[in-house]
Amino acid sequence: MEDYLVRAIAKKAGVRGIVCVTTNLVNNVAHRHKTSPTATAVLGRALTGGALMGALLKIQHRVALKLEGTGPIQKVIVEADSYGKVRGYVGVPDVDVPLKNGRHDITSAIGRAGLLTVVKDVGLPKLTESVTPLASGETDTDLNAYFNQSEQIPTVVAIGHKLDKEGKAAVSGGILVQAIPPYDENIIHQMASRILELPPVEDLLQSKKTPEEIMALLFEGMAYDLLEKRPIQFHCSCSRERSEQALISLGKEEIAALLENEGQAVIDCHFCHERYVFDKFDLELILEEL
Ligand SMILES: [Zn+2]
């Protein structure tokens, strides 16, 4: 199945829903960062969270999630936009933590004490930033805490994943339901119980249910409109030009030192591991222009 999300709204009931499948995205990013199975689970869930958050944004807006804790993986960072483009990485990609009750122990990998930082670029001169304590590091419960405490919009997020024997994502995806103004909390309690009654999202995806079919189960008995189907894909906004700007911002002396000591400068993108090499000639040209 291709990665995509569907958005729906049940106006009368006062709730919107997003369902996504992100298996290819997770495997793409995990492959780039050579993550261990535990790190794939942590990163995968955060990528799905990012895709769901991105789907709530208006066009050209962006969101970044950072889950940071005291555990060995240290942190996971994900960025997403309103067009379904997502990228991300973890602090320590080769961390492996023993399974707990047959599941990847994400809470121990991230750490019990930690923070979720949500940064939004909504086209204003200043970014908006909000910090909430981590609930579990599993992204969905953390986003639930963020929405209910920080944005104060009744919301339920459920993220699921299953890895295969090689540690790759077999399925990955998520559900987000959110009250629409005037924000009736009861509908979200009702939707939360419905999500609990249904098989977990990873089981639904594994039994080949499409996001549209999962949405139909979620909104069963309610009138709703399917608004949009949008592909989700890995995309990194890095470029040689941006890397050159980063190099220039180091200043003349630092560049001269790089030229002298290394004979070149290599910028490795955190998000996608694309390497931008500036050789002797490039560095001399940059220095001349400075
Ligand atoms: Zn990149």
Side-chain angles (χ1 to χ4, degrees), residues 1-3 20-52 54 64-81 84-100 102-111 114 116-117 134 136-140 142 159-174 202 205-206 231-240 242-243 246 262 264-278:
M1 201 192 299
E2 290 293 306
D3 286 352
C20 70
V21 52
T22 54
T23 317
N24 300 312
L25 169 73
V26 173
N27 283 328
N28 182 333
V29 179
H31 179 71
R32 285 173 184 276
H33 295 282
K34 300 187 173 60
T35 45
S36 67
T38 308
T40 301
V42 171
L43 181 58
R45 298 180 69 90
L47 288 163
T48 304
L52 291 169
L65 309 180
K66 179 168 80 173
L67 293 91
E68 197 169 21
T70 51
I73 217 156
Q74 295 176 2
K75 64 180 174 186
V76 51
I77 294 184
V78 165
E79 290 185 6
D81 67 13
K85 291 176 178 159
V86 189
R87 62 180 187 167
Y89 67 94
V90 288
V92 183
D94 58 359
V95 162
D96 235 335
V97 175
L99 296 181
K100 195 175 171 186
R103 287 195 76 222
H104 290 284
D105 189 356
I106 289 166
T107 307
S108 297
I110 290 257
L116 164 68
T117 308
L134 281 186
S136 70
E138 302 226 14
T139 306
D140 49 6
D142 306 303
I159 292 172
H161 79 277
K162 269 189 188 174
L163 302 189
D164 64 17
K165 284 194 189 107
E166 279 91 53
K168 281 193 196 152
V171 283
S172 175
E202 61 271 29
L205 289 170
Q206 200 159 44
I232 294 173
Q233 52 182 320
F234 168 81
H235 175 79
C236 190
S237 52
C238 70
S239 66
R240 189 168 175 87
R242 285 188 182 197
S243 302
E262 319 277 337
Q264 63 170 9
V266 181
I267 308 250
D268 180 29
C269 175
H270 278 312
F271 280 99
C272 69
H273 283 314
E274 180 74 39
R275 280 160 54 93
Y276 299 96
V277 181
F278 296 86

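Along the sequence shown, the residues carry numbers beginning at 1.
Remark: side-chain polar atoms of R240 are paired, donor with acceptor, to backbone N or O of V277 under 3.5 angstrom. In this structure a side-chain-to-backbone donor-acceptor pair under 3.5 Å is present from D142 to G137. For the pair D3 (side chain) and T23 (backbone), a donor-acceptor distance under 3.5 Å is present. Judged by distance alone, with hydrogens and angles left aside, the side-chain atoms of S36 form a donor-acceptor pair with the main-chain N or O of V95 at under 3.5 Å. Not one N or O on the side chain of H33 forms a donor-acceptor pair closer than 3.5 Å with the backbone of T40. Looking at S136, its side chain never comes within 3.5 Å of a backbone N or O of T107 through a donor-acceptor pair.
Contact detail for A80 and A51: the closest heavy-atom pair is CB-N, 4.4 Å. Smallest separation of non-hydrogen atoms from V97 and S108: CG1-CB, 4.1 Å. For the residue pair G111 and T70, the shortest heavy atom distance occurs at CA-OG1, 3.9 Å. Considering all non-hydrogen atoms of both residues, E202 and G160 come closest at OE1-CA, 3.2 Å. The minimum heavy-atom distance linking V21 with M1 is given by the pair CG1-SD, 3.8 Å. The two atoms that bring C272 and F234 nearest to each other are CB-CZ, 3.6 Å, heavy atoms only.
Within a 6.0 Å sphere centred on NE2 of H273, other residues, nucleotides and ligands contribute more than 12 heavy atoms.
Side-chain contact between T139 and V78: absent, with no pair of heavy atoms (C-beta onward) separated by less than 4.5 Å. Within the 4.5 Å cutoff, the side chain of L163 has heavy atoms near those of the H104 side chain. The shortest distance between side-chain heavy atoms of R87 and S237 falls below 4.5 Å. The shortest distance between side-chain heavy atoms of L52 and C20 falls below 4.5 Å.
Rounding to the nearest 0.5 Å places OG of S243 at 12.0 Å from CZ of R275. K162 contributes atom NZ, which lies 10.0 Å from atom CG of L205 (distance to the nearest 0.5 angstrom). In this structure, I77 CD1 and H270 NE2 are separated by 8.0 Å, a value rounded to the nearest 0.5 Å. Atom CG of residue N24 and atom CD1 of residue I232 lie 10.5 Å apart, to the nearest 0.5 angstrom. Summarising the geometry, atom OG belonging to S172 is positioned 8.0 Å from atom CG belonging to L47; distances are rounded to the nearest 0.5 Å.
At least one test fails for R32 against the ring of F271: distance under 6.0 Å to the centre or angle within 45° of the axis.
Salt bridge annotation for E138-R45: present, with a cationic side-chain nitrogen under 4.0 angstrom from a carboxylate oxygen.
Every side-chain hydrogen bond (donor to acceptor under 3.5 Å, both in side chains) that D96 has, sequence neighbours left out, goes to T38.
Residue T117 is tested with K75, K66, E68 for a side-chain contact (heavy atoms from CB on, under 4.5 Å); the sole match is K66.
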